[in-house]
Every structure is written in C-alpha cells, then in structure tokens.
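Some notes on the structure that comes next.
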Amino acid sequence: MQEYKTYILCTRPVDASLVEKAQAKNIGLDMLSFIETEPVYTIEVQQEIELAAVELATVVFTSMNAVESVTAMLDGHVPEWNIYCMGHKTKELVEAYFSAEAIVGTGGSASELADEIIANSEVEEVIFFCGNQRRDELPNKLEQRSISVNEVVVYQTIPISNKIGKDYQGILFFSPSAVESFFSKNKLNQTCILFAIGSTTKEAIHKYCSNKIVVSMLPGKDSLVEQAIKYFSES
C-alpha cells in the first residue's frame, strides 16, 4: 500500500477524480460518513406537499436532501413556487427541477437566508421543507418578524457511529450533524486542521475542540475538498 506525506479524511463521499488529484500531491484522501439521511414518506407529508403544490407558495429549502425528498413526491409535477434556498448544491437541484426563475432569493447561511426573506415585505408565510434536526436560526428569525413558518419534515438524519483508525492531518466536515456524530466517538490531536463547509458547521466544531478551522472559500462540497488539497500541498 502506498504511503503518503499527508492524510486527510472527508466525511462525505467524493468523486474519484478528487482522490486522484490528492494522490498526485502526495495526499491520501480517505472517506468515511458519520451520518445518513432517509426521506420521510408518510401520508401526512405527502398531503402537505400536495396541498402546497396547488398554491402559489413561498417555499424554503436549506438542504439538498429536502429538495430530493420533495421532488420525488412531486413526481414530475412542477408547482408555481417562489423558492428561497441555501447552499450551492441545493440551488443546483432547485434549478434543475423548478427552473432558475423559481428562485427568488439565496443565502450563504440560514441567518442570511432569513434576512433575504424578511427583506421582501410581501412575504407573510413560508413553507419550510426541512429535516428532523434542522437548526433554529431561520424559523426563529422569521417568526420574530411575524412571518409564519409552516415546517414540513421531509427527511431524517441518522448518526453513524464510526471510529477513525488513524491520525489525520486534516478532516473535512459538511454539516453540524456530522460534527456531532464524529465527536461522539472520536478525539483529535491539537495539530489536526479542520475544514468546515460554512459558518454553521464551524460553530458546531467549536463546541468540541479548539483546533484550527478553515472555512470554505467557495460553495460546494468539491470546492472544500480542493481547498484542503491546496492547503496541504502548499504547507
């Protein structure tokens, strides 16, 4: 087995081309998931989506999992929704199914997305398609400004209790849920550099350690991986 100068762990699967790109820089890129998601396919959720689908509703997506769950239940029907979304991949999925014109606002974080919604004085109510472990920032901020939030839980996040078997120089995290699952079974040495997909994930990491954290410069999972490769190839 080939030995590398540096080893980094990605807590989500990535394309083989990125693994090869890392290897070319003498970096071993391992992948190990700490969460999995499952759609919530219940009669109640189906009815909520069907009711929303006949309205000119304002809809909020903050994760790609929510988009995938909802579009699967829409089964080809494309409602006339005004959509606010967060995250590069989430936006791509919304554009692919609903069209780019359906997107009326985006944000780099849940708090930024809430501000974007609040800035539209015509919005009085939103439908928030989310997971069972959604964070409070967005609904709390909207409700403080008297914007009604109808939450529909369309997927659930399940922790995976994996324990890492080696010392890594870098670890990449893509969600607070993955951070919590990771630290439930693992400890880090102080020299390990942690990479976070955004500020919310960074805040979650801070709860468990004082290691250096590098936040993604560009949106998207692949961009964070490339940023980590660049960081270690230049260090």
Side-chain angles (χ1 to χ4, degrees), residues 1 3-4 6-16 18-19 22-23 27-42 45 61-69 72 86-90 93 109-110 129-138 151-216 220-225 227-229 231-232:
M1 182 180 292
E3 293 294 321
Y4 297 97
T6 304
Y7 286 90
I8 60 178
L9 175 66
C10 186
T11 58
R12 279 179 62 179
V14 295
D15 193 80
L18 286 172
V19 177
Q23 290 172 344
I27 298 170
L29 175 58
D30 295 342
M31 290 170 280
L32 187 64
S33 295
F34 290 86
I35 57 169
E36 61 183 6
T37 59
E38 290 183 353
V40 177
Y41 290 143
T42 65
V45 170
F61 291 109
T62 56
S63 81
M64 56 180 283
N65 297 305
V67 180
E68 289 173 340
S69 296
M86 180 187 85
H88 180 68
K89 185 63 177 176
T90 304
L93 291 174
S109 67
F129 292 117
C130 59
N132 64 323
Q133 293 190 19
R134 69 107 179 103
R135 295 175 67 86
D136 295 331
E137 291 94 338
L138 184 138
E151 293 184 31
V152 183
V153 176
V154 294
Y155 73 94
Q156 58 182 344
T157 301
I158 303 163
I160 303 174
S161 299
N162 281 321
K163 192 166 178 63
I164 58 176
K166 68 172 78 165
D167 285 332
Y168 288 98
Q169 284 73 52
I171 301 178
L172 286 68
F173 291 104
F174 301 88
S175 72
S177 300
V179 171
E180 291 163 11
S181 179
F182 175 89
F183 282 101
S184 70
K185 292 289 183 181
N186 299 282
K187 293 183 179 180
L188 296 176
N189 61 60
Q190 287 293 309
T191 59
C192 184
I193 310 299
L194 306 180
F195 295 80
I197 192 69
S199 58
T200 307
T201 301
K202 178 185 177 181
E203 290 167 10
I205 295 170
H206 268 312
K207 294 177 184 177
Y208 297 96
C209 69
S210 56
N211 292 47
K212 179 178 179 179
I213 303 172
V214 177
V215 180
S216 54
K221 176 181 67 175
D222 290 355
S223 295
L224 185 62
V225 178
Q227 189 173 343
I229 292 170
Y231 179 94
F232 286 107

Inset, instruction - Report the residues that fulfil side chain to side chain donor-acceptor pair (under 3.5 Å) with Glu151, sequence neighbours left out, ordered by chain and then residue number. - result: Arg134
Legend entry - Residues which pass side chain to side chain contact (heavy atoms under 4.5 Å, CB included) with Asn186, listed by chain and number, not counting sequence neighbours: Phe34, Lys163, Ile164, Phe182
Legend entry - Rounded distance (nearest 0.5 Å) linking atom CG of Leu18 with atom CD1 of Ile27: 11.5 Å
Legend entry - Donor-acceptor contact below 3.5 Å, side chain Gln169 vs main chain Ile8: no
Legend entry - Residue pair Ala110 / Leu138: nearest heavy atoms and the distance that separates them: O-CD1, 3.7 Å
Legend entry - Inter-residue atom distance Ser181.OG - Ile158.CD1, 0.5 Å rounding: 11.0 Å
Legend entry - Interatomic spacing from OH in Tyr4 to CZ in Phe232 - rounded to 0.5 Å: 16.0 Å
Legend entry - Minimum heavy-atom distance Ser161-Lys185, with the two atoms named: CB-CE, 3.7 Å
Legend entry - side chain to side chain donor-acceptor pair (under 3.5 Å) partners of Ser63, counting only residues at least two apart: Tyr155
Inset, instruction - Decide yes or no for Val154 and Cys130: does some side-chain heavy atom of the first lie under 4.5 Å from some side-chain heavy atom of the second? - result: no
Legend entry - Heavy-atom closest pair, residues Cys10 and Val225: SG-CG2, 4.1 Å
Legend entry - Atom pair CG (Asn211) and CG (Leu188), whose distance is rounded to the nearest 0.5 Å: 5.5 Å
Legend entry - Partner residues of Lys221 under the salt bridge (Lys or Arg N to Asp or Glu O under 4.0 Å) criterion, sequence neighbours left out: none
Legend entry - Pairs involving residues 173-182, ordered by first then second residue, that meet salt bridge (Lys or Arg N to Asp or Glu O under 4.0 Å) (sequence neighbours left out): none
Inset, instruction - Check Thr11 against Leu172 and note the closest heavy-atom contact, atom names and distance. - result: OG1-O, 2.6 Å
Legend entry - side chain to side chain donor-acceptor pair (under 3.5 Å) involving Asp30 - partner list, sequence neighbours excluded: Lys166, Tyr168
Inset, instruction - Look only at the side chain of Ser69 and the backbone of Ala66, and say whether a donor-acceptor pair between them is shorter than 3.5 Å. - result: no
Per-pair distances, 0.1 Å, donor-acceptor, side chain in residues 35-42, under 3.5 Å, sequence neighbours excluded:
unit_1, atom_1, unit_2, atom_2, d
Thr37, OG1, Asn65, OD1, 3.3
Glu38, OE1, Gln156, NE2, 3.4
Thr42, OG1, Val45, N, 3.1

Legend entry - Test item: Asn162 side-chain N/O and Ser33 main-chain N/O as donor-acceptor pair under 3.5 Å: yes
Inset, instruction - Verify whether one side chain among Thr157 and Gln133 offers a donor that lies under 3.5 Å from an acceptor in the other. - result: no
Legend entry - Rounded distance (nearest 0.5 Å) linking atom NZ of Lys212 with atom OH of Tyr231: 3.0 Å
Side-chain donor-acceptor pairs under 3.5 Å in residues 190-209, sequence neighbours left out?
unit_1, atom_1, unit_2, atom_2, d
Gln190, OE1, Ser210, OG, 3.4
Thr191, OG1, Asn189, OD1, 2.7

Legend entry - Test side chain to side chain donor-acceptor pair (under 3.5 Å) applied to Gln227 - qualifying residues, sequence neighbours left out: none
Inset, instruction - Working to the nearest 0.5 Å, report the span between CG of Leu9 and CE of Met31. - result: 10.0 Å
